[in-house]
Amino acid sequence: MATTTTTTVYRPSLSEKPISKISCFNQITRRTRNLFMNPSLKKSNLGSVKASIQDDSDKKSSSNNLGGEAKKKAQALELQRIFEDSQSLPKPLSIHDLNPSANGARLRVAYQGVPGAYSELAAGKAYPNCEAVPCEQFDVAFNAVERWIVDRAVLPIENSLGGSIHRNYDLLLRHNLHIVGEVRLSIRHCLLANYGVEIGNLSRVLSHPQALAQCENTLTKLGVAREAVDDTAGAAQFVAANKFRDVGAVASEGAAKIYGLNILKENIQDDTDNITRFLMLAREPIIPGTDRPFKTSIVFSLEEGPGMLFKALAVFAMRQINLTKIESRPQRKRPMRPSDDNSNGSQKYFDYLFYVDFEASMADPNSQNALGHLKEFATFLRVLGSYPTDNGTV
């Protein structure tokens, strides 16, 4: 797949304890404080003050006192030395240091997979010229952002053919990251194999479960067994490393180039309109605006009862706010709820969380009123992010 963005691959060791910007700031602050709290300097400063007082007294008694002039000169030199020492220290980080430039320069962006993954392409589209950081699992990418190993993460949340990536919905609730943007990417799957291998030689095809689902018709016609792995590019890497003669991979054109595989067939997805939506995650939310189309993502839970979900959705409908997605997930800590109308307690219901995306900014009073209304009867409500909408694809 051709792309105009460039990314530099970095492989971090998550076992190493990162030096965060916050800890760096604290270290600099301590050094600055120690400069003036150091006993030797403190003594020097006190001596200077005493000398100054004494000098004033001497000046009143004898303006021609040469000893007083020498003391004044020594005090001035001491104060100049202290000032120069303080100027040579590193400056504390400013708010601009903690917020890299919006065009992606110097940003380190985590994605799940290995080089050549579609997530790497999405990271490059979201943050041009970023330093892409591959992670083995989705939760590793979340942790990398929280631990200041990287600045952002770009992770898939849904596909137009395969549906939602439920794992990332669960991780959104488990971690304290914020959605700061979205990016849509056209997915063009290729059937890859080592050079010299023909399609008829294949007995197995490896890829991510979503990719296998998106190419189900093609793979069924080929009559090959399907085996799920962690990511598409990882499947290509595995096939190339083991020099299989009867195993292929479903991955991108970029993965074929990186791992030296032959493209047996291009565009093998069942539908040409195969779009994956990725979320851009950060430690801090962005300030929502109204100058361009925004989307807001929330998660909430409700009491069990007739019409409760209808009531929740009505707070948006009555304010003409369009919902673009609703997803339900069982609550992991309380998956089942006893029925209130059953005295023996044997009947139970699933206890759900509802993830909703709607087309409005949290800067819009209409959105604020809708969530205020929802909060009146929701048992739980959290805003995951309010961010600019991406309507384009590459």
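Residue numbers run from 1 in the order of the sequence given.
A 4.5 Å side-chain heavy-atom check between Thr276 and Gln210 finds every atom pair outside the cut-off. For the pair Arg283/Val145, a side-chain contact is recorded, criterion being any heavy-atom separation below 4.5 Å from C-beta on. No side-chain heavy atom of Glu359 sits less than 4.5 Å from a side-chain heavy atom of Phe294.
Taking a cutoff of 4.0 Å between a charged side-chain nitrogen and a carboxylate oxygen, Arg329 and Asp170 qualify as a salt bridge. Salt bridge Arg188/Glu253: absent, no basic N to carboxylate O contact under 4.0 Å.
Aromatic ring centres of Phe354 and Phe300: separated by under 6.0 Å. For an aromatic pair to be called close, the ring centres must be under 6.0 Å apart, and His166 with Tyr355 fails this.
Closest non-hydrogen pair, Asn194 versus Ala240, comes out as OD1-CA, 3.7 Å.
Listed for the Thr296 side chain is a donor-acceptor partner under 3.5 Å among the backbone atoms of Ala360. With Ser203 contributing its side chain and Asp246 its backbone, the two residues share a donor-acceptor pair below 3.5 Å. Judged purely by atom type and a 3.5 angstrom limit, Ser386 has no side-chain atom pairing as donor or acceptor with the backbone of Pro288.
Under the rule for a side chain to side chain donor-acceptor pair (under 3.5 Å), Glu266 has no partner lying at least two apart in sequence or in another chain. Residues passing the salt bridge (charged side-chain N to carboxylate O under 4.0 Å, His left out) test with Arg245: none are found, sequence neighbours excluded. Applying the side chain to side chain contact (heavy atoms under 4.5 Å, CB included) rule to Ala122 yields the partners Val154, Val183, Leu185, Phe278; only residues at least two apart in sequence or on another chain are considered.
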Kindly list each side-chain donor-acceptor pair under 3.5 angstrom involving residues 364-371, sequence neighbours excluded, with atom names and distances?
from: Asp364; atom 1: OD1; to: Asn366; atom 2: N; distance (Å): 3.0
from: Asn366; atom 1: ND2; to: Arg319; atom 2: O; distance (Å): 2.8
from: Ser367; atom 1: OG; to: Ser361; atom 2: O; distance (Å): 3.0
from: Gln368; atom 1: NE2; to: Met362; atom 2: O; distance (Å): 2.9
from: Asn369; atom 1: ND2; to: Pro365; atom 2: O; distance (Å): 3.2

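Within a 6.0 Å radius of NZ in Lys325, more than 12 heavy atoms belonging to other residues, nucleotides or ligands are found.
Sorted by first then second residue, the side-chain hydrogen bond (donor to acceptor under 3.5 Å, both in side chains) pairs that include residues 136-146, not counting sequence neighbours, are Gln137-Asp230, Glu146-His175. Listed by first and then second residue, the salt bridge (Lys or Arg N to Asp or Glu O under 4.0 Å) pairs that reach into residues 173-183 are Glu182-Arg277, Glu182-Lys295, sequence neighbours excluded.
Using bins of under 30°, 30° to 60° and over 60° for the plane-to-plane angle, the ring pair Phe244/Phe238 lands in the tilted bin.
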